[in-house]
Amino acid sequence: MDKFNLSTLNGMVGETVSVVDSDNPKEKFEAKVEKIRESPMNGDEWEAFAVMMKVDENECVLKQGNYHLSHEKFGDVELFCSPNDASTMEFVISKKKS
């Protein structure tokens, strides 16, 4: 998850990410990085941000849960998603800087 960070993702707006539903590996689709929002907590001690990704709601049914994301810029990560609506995935990241 080291490469799934604010710096990398800020440069990925508009790019497509491969997504797999961790509970149902047959459920595969693509999501486009739409927006990165820094959290007020982001600073010297914490890296904190949210990533919004858009999907084609005709290709999948979004639900709250874990998803496996893949892209050459950050590799493979598994993250918890809370959908904002039928076509918007939101991943919230808060990690202590070392």
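Between the side chain of Thr8 and the backbone N or O of Lys3, at least one donor-acceptor pair lies under 3.5 Å.
Here Glu59 contributes atom CD and Asp56 contributes atom CG; the two are 4.5 Å apart, rounded to the nearest 0.5 Å. In this structure, CZ in Phe29 is found 10.0 Å from CE in Met53, a value given to the nearest 0.5 Å. Annotation: the span from Cys81 atom SG to Gln64 atom CD amounts to 8.0 Å, rounded to 0.5 Å. Separation of atoms CD (Glu72) and CE (Met12) is listed at 8.5 Å; rounding is to 0.5 Å. Atom CZ of Phe4 and atom NZ of Lys95 lie 8.5 Å apart (nearest 0.5 Å). To the nearest 0.5 angstrom, Glu15 atom CD is 12.0 Å from Glu30 atom CD.
Counted by atom type alone, Lys54 and Thr88 present one or more donor-acceptor pairs between their side chains at under 3.5 Å. Checking Ser39 against Asn42 by side-chain atom types alone, no donor-acceptor pair falls below 3.5 Å. For the residue pair Ser22 and Glu78, a side-chain donor N or O sits within less than 3.5 Å of a side-chain acceptor on the partner.
In this structure, Phe74 and Asp2 have side chains that are not in contact, with every pair of non-hydrogen atoms separated by 4.5 Å or more. Residues Phe49 and Val92 form no side-chain contact, since every pair of their non-hydrogen atoms from C-beta on lies 4.5 Å or further apart. The shortest distance between side-chain heavy atoms of Lys28 and Ser18 does not fall below 4.5 Å. With a 4.5 Å cut-off on side-chain heavy atoms, Leu62 and Met89 count as touching. Contact of the Ile36 side chain with the Leu6 side chain is registered, since non-hydrogen atoms from C-beta on lie closer than 4.5 Å.
Residue Lys35 places its NZ atom among 12 or fewer non-hydrogen atoms of other residues, nucleotides or ligands, all under 6.0 Å distant.
Within the structure, salt bridge (charged side-chain N to carboxylate O under 4.0 Å, His left out) pairs that include any residue of residues 82-91 comprise Arg37-Glu90 (at least two apart or interchain).
By the criterion of side-chain heavy atoms lying less than 4.5 angstrom apart, applied directly or through intervening Ile, Leu, Val, Met, Phe, Trp or Tyr residues, Phe80 is not grouped with Val77; the two fall into different hydrophobic clusters.
Across all their heavy atoms, Asp76 and Ser70 have their closest contact at OD1-OG, 2.6 Å. Closest non-hydrogen pair, Gly11 versus Lys73, comes out as O-NZ, 4.0 Å. Between Lys97 and Gly43, the shortest heavy-atom contact is NZ-O, 2.7 Å. Taking all atoms of both residues into account, the shortest heavy-atom contact from Ala31 to Val55 is CB-CG1, 3.7 Å. Here the closest heavy-atom approach between residue Val19 and residue Tyr67 is recorded as CG1-CD2, 3.7 Å.
Taking 4.0 Å as the cut-off between side-chain N and carboxylate O, Glu47 and Lys96 do not count as a salt-bridged pair. In this structure, Lys63 pairs ionically with Asp23, as a charged nitrogen and a carboxylate oxygen lie closer than 4.0 Å.
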Next item on the list: For the pair Leu79 and Asn66, evaluate side chain to side chain contact (heavy atoms under 4.5 Å, CB included) and give the outcome as yes or no after the intermediate values.
Entry: CA-CA 5 Å; Leu79 298 171; Asn66 291 326; over 6 Å; no

